[in-house]
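A, B, ... follow the sequence lines: proteins, then strands. Residue 1 opens every chain. Computed over heavy atoms, backbone and side chain alike; hydrogens, waters and symmetry mates excluded.
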Protein chains: 2
Amino acid sequence: MTADRPLRADAARNRSALLAAAAEEFAARGPDASVAEIARRAGIGKGTVFRHFPTKDDLLAAVVLDRVDGLAGLAHELMSAADPGAALLEFMGSAAGHQRQLDLSFLREAAGINDRLDGERAELFAAITALVDRAKQAGAIRADITGMDVILLMCAPNHVVSFVPGAPPELWRRYLGIIFDGLRPEGAHPLPEPVSP
Amino acid sequence: MTADRPLRADAARNRSALLAAAAEEFAARGPDASVAEIARRAGIGKGTVFRHFPTKDDLLAAVVLDRVDGLAGLAHELMSAADPGAALLEFMGSAAGHQRQLDLSFLREAAGINDRLDGERAELFAAITALVDRAKQAGAIRADITGMDVILLMCAPNHVVSFVPGAPPELWRRYLGIIFDGLRPEGAHPLPEPVSP
DNA sequence: AGGTAAACGGACCGGGCGGTCAACTTGTTA
DNA sequence: TAACAAGTTGACCGCCCGGTCCGTTTACCT
């Protein structure tokens with residue numbers, strides 16, 4: 001559709017600086033980070049931000065899209081790992097830890113904003129479900145866990161750690177360890193009724 | 001210090017309506033809920049809100065304080081329960097579930113705003129730690145779990161469920177079940193290095 | 001009943017937000 | 001190198017927020 005002739009050199013430079021600044025700022029302040037502050041951090045004018053992305057939501061969607069793509073790629077790679085349980089744990093660790101950038105709330109905030117993002121997100125969810133099914137078949141996690149369970153739980157460590165102000169940067173690993181132990185079949189207790197859709 | 005003669009009847013009525021409305025609105029929209037909307041829900045003018053609480057933060061602190069008091073009372077009660085493990089589980093369930101009102105983020109937002117709240121919060125934390133220690137001594141949970149771990153994890157179910165739009169109201173129980181299984185000694189794997197302070 | 005202080009409420013204020021625009025600068029191309 | 005389109009920018013707009021203020025209403029006391 002769009003002719004999309006190449007960006008001018010300075011525009012391309014500004015665009016990537018903008019995306020980097022936005023990723024940092026959104027990670028630090030959440031989705032409510034101000035466009036003006038992002039522009040300042042990127043060293044460009046506020047107007048330039050809106051030239052590259054017509055709306056703040058579009059900028060957020062672009063940042064989230066990067067992350068979703070990365071996670072989907074990792075999920076596909078890990079499908080051929082030797083140990084399905086370890087693969088799932090590594091995936092959840094990457095979701096939680098990678099520069100502790102982006103938690104599930106971003107996926108919620110960005111839903112419905114951008115059609116392409118919605119598609120990629122569905123693909124990511126499918127890849128996660130496949131990873132979970134493989135781990136279940138290998139007996140690495142209990143049989144009553146669904147893909148949605150993992151999607152919901154995978155960023156909880158990150159969220160939980162965000163409450164302790166001077167937290168060591170790897171503290172999320174502790175809570176991922178605890179939560180993942182809860183997914184294991186060894187000491188599993190029956191779960192109460194409702195199942196996530 | 002304050003003479004504190006009794007409130008006029010209408011003022012007392014408005015105050016309790018305000019607190020109820022604020023609790024609902026903060027629960028629904030988070031700490032960013034607008035004062036105007038809270039006032040509308042309570043059926044009073046915006047000016048009246050600021051007559052009862054000089055600042056929006058003070059209103060938030062009052063709402064959080066109610067919740068903290070309730071939880072601290074429950075924690076003390078449960079110290080004499082027969083089964084220490086079940087007592088801890090019940091406590092975490094109450095923290096997560098009780099009209100799924102208030103998660104840890106409120107405790108963070110409200111920190112440093114109100115001296116009394118800070119004190120009550122410290123007391124709540126101490127009570128939780130005692131509950132955790134008793135469960136540890138009974139062998140109901142693994143020995144490497146701290147009070148802070150439970151504080152951080154206890155509202156994760158609530159948070160996690162908030163991402164699924166049409167969630168059944170009791171879905172949080174599922175995730176509390178998973179997380180609590182991760183606290184149990186039965187299938188525990190060693191946890192990675194950093195410990196929460 | 002009537003006087004009074006307490007309580008009420010909504011217009012109003014300053015500030016910060018997302019987003020727009022027109023004047024200005026700059027990379028590109030022939 | 002000249003000319004033009006693409007890109008940049010910061011002042012500006014409307015909106016909503018927390019918080020203030022003062023004219024009005026209302027519960028209480030005697």
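- Contact annotation: side chain of B:K46 to base of D:dG19, donor-acceptor pair present below 3.5 Å.
- Nearest-nucleotide positions on DNA chain C for A:A9 and A:A33 put A:A33 closer to the 5' end.
- Counting only distance, with no hydrogens or angles, the side chain of B:K56 and the backbone of B:S34 share no donor-acceptor pair below 3.5 Å.
- A residue-by-residue look at B:G47 and A:H52 shows that A:H52 has its nearest nucleotide of DNA chain D further toward the 5' end.
- Judged by distance alone, with hydrogens and angles left aside, B:R8 brings a side-chain donor or acceptor within reach of the base of C:dA6, the pair sitting under 3.5 Å.
- When the P atom of C:dA6 is taken as reference, atom CZ of B:R13 falls 19 Å away, rounded to whole Å.
- Between B:D10 and A:G43, the residue whose closest nucleotide on DNA chain D is further toward the 5' end is A:G43.
- Atom C1' of nucleotide C:dG18 and atom CG of A:D57 are separated by 10 Å, given to the nearest angstrom.
- Judged by distance alone, the side chains of A:Y175 and B:D149 do bring a donor and an acceptor atom under 3.5 Å apart.
- Atom P of nucleotide C:dA6 and atom CG of B:N14 are separated by 17 Å, given to the nearest angstrom.
- Phosphate contact (OP1/OP2 of C:dG9, side-chain N/O of B:T48, threshold under 4.0 Å): present.
- Applying the 4.0 Å criterion to OP1 and OP2 of C:dG19, one finds that A:T55 has a side-chain N or O inside that range.
- The backbone N or O of A:F125 sits less than 3.5 Å from a side-chain atom of A:T129, completing a donor-acceptor pair.
- For the pair A:I44 CD1 and C:dT25 P, the interatomic distance rounds to 19 Å; values are reported in whole Å.
- Comparing D:dG7, C:dT20, C:dC8 by their closest approach to the side chain of A:F50 singles out C:dT20.
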Can you check side chain to side chain contact (heavy atoms under 4.5 Å, CB included) on A:H189 and B:R184, steps first, answer last?
CA-CA 10 Å; A:H189 289 56; B:R184 302 185 128 108; 3.2 Å; yes
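- In this structure, B:S34 reaches the sugar-phosphate backbone alone: every heavy-atom distance under 4.0 Å involves primed, P, OP1 or OP2 atoms, never a base.
- At least one donor-acceptor pair under 3.5 Å links the side chain of A:R67 to the backbone N or O of A:A95.
- As rounded to whole Å, 11 Å separates atom C1' of D:dG18 from atom CD1 of B:I38.
- Between the CZ atom of B:F53 and the C1' atom of D:dT20 there is a distance of 18 Å, rounded to whole Å.
- As rounded to whole Å, 15 Å separates atom P of D:dT20 from atom NZ of B:K56.
- When the P atom of C:dA22 is taken as reference, atom CZ of A:R51 falls 14 Å away, rounded to whole Å.
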